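It should be emphasised that the depicted structure is a prediction, and the values quoted were computed from it without experimental measurement. Only this structure's heavy atoms are used, side chains among them; waters, hydrogens and symmetry mates stay out. Numbering of ligands and ligand atoms starts at 1, following listing order. Residue indices begin at 1 and follow the sequence shown.
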Amino acid sequence: MNIELDKNRLPNHVAVIMDGNGRWAKQKGKLRVFGHKNGVHSVRETIEAAAEIGINVLTLYAFSTENWKRPKTEVDALMNLLVSSLENELETLQKNNIRLNTIGNITLLPLKAQKGLNKVMGLTIGNDRMVLNLALNYGSRSEILEAVKTISKKVVNNELEIENIDENTINNHLYTFSLPDVDFLIRTSGEQRISNFLLWQAAYAELYFTNTLWPDFKKADFYNAIAEFQNRERRYGKTSEQIKTT
Ligand code: FPP
């Protein structure tokens, strides 16, 4: 790696919106599924790159609640790719001490995908170098909505006082309850949108948009993105001077 990175200033949690598989395939005169297949190589490169530099949590937006609207053949192909990737990558996850976690309602995924996910999550539960967090059938608004409902029920049942509801209460009712906030959010393919992804968790995230299409996104691209993160000044509402003196 010839990109200079400061190991003491890494984002703790990096989230990625992997976008552009379809356009990549179209540019090559191929079907969209060809783009997804090649996107899997970028998934692998990104996981390895993140683990190698010491990122603690990597969240990948693999399938949104809106993605069900795609043609059935494409949805089926994405689910099959997920299943085969889980089978193929288990060894790499174990070797690299990576724990698999999911966010989103996975009970609505095909049984084969659920089984594969539960198997790999179970087998990697003790791994502690990095959490690979796959967002599957995930939507941020519905996640927040469900949290509001659960919290409301606790209030109605006198298990919780309204005065005691704070940001931690909300955090603890999200799929990401055990994970830190997102520090850095990457989106490929030139689109500059958040697309219902980690809206609460990315409140203070630095955003990074690159024109590179997901299947072309490789280790060096990930490191370039991290280098850019390290050039940003995170102020959390304070002034630049205040940040420099703390
Ligand atoms: C976006 O490209 C990509 C997706 C909706 C899915 C990402 C899935 C993979 C990379 C493969 C399987 C995942 C795992 C975790 C093994 P797009 O189809 O929206 O591209 P477009 O915007 O150019 O149409």
*First-shell residues of ligand 1 [heavy atom, distance under 4.0 Å]*: Met18, Asp19, Gly20, Asn21, Gly22, Arg23, Arg32, His36, Gly39, Val40, Val43, Ala62, Asn67, Arg70, Leu78, Ser85, Leu134, Trp214

*In terms of ring plane angle, is the pair Phe217 and Phe222 parallel, tilted or perpendicular, where the classes change at 30° and 60°?*
perpendicular

Side-chain donor-acceptor pairs of residues 154-162 under 3.5 Å, sequence neighbours excluded:
| residue | atom | partner | partner atom | Å |
| --- | --- | --- | --- | --- |
| Lys154 | NZ | His173 | NE2 | 2.8 |
| Asn157 | ND2 | Lys153 | O | 3.3 |

*Work out which heavy atom in Leu86 is nearest to a heavy atom in Ala113; give both atom names and the distance.*
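Closest approach of Leu86 to Ala113: CD1-O, 4.4 Å.
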
*Would you mind telling me which of Thr59, Thr176, Asn56, Asp181 makes a side chain to side chain donor-acceptor pair (under 3.5 Å) with His13?*
Thr59

*With sequence neighbours left out, which residue pairs that include part of residues 66-88 fulfil the ring-ring contact (aromatic ring centres under 6.0 Å, His included) condition?*
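Applying ring-ring contact (aromatic ring centres under 6.0 Å, His included) to every pair that reaches into residues 66-88, excluding sequence neighbours, yields Phe63-Trp68.
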
*Pairs flagged by ring-ring contact (aromatic ring centres under 6.0 Å, His included) wherever residues 30-58 is involved - sequence neighbours left out*: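 Qualifying pairs, neighbours excluded: Trp24-Phe34.
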
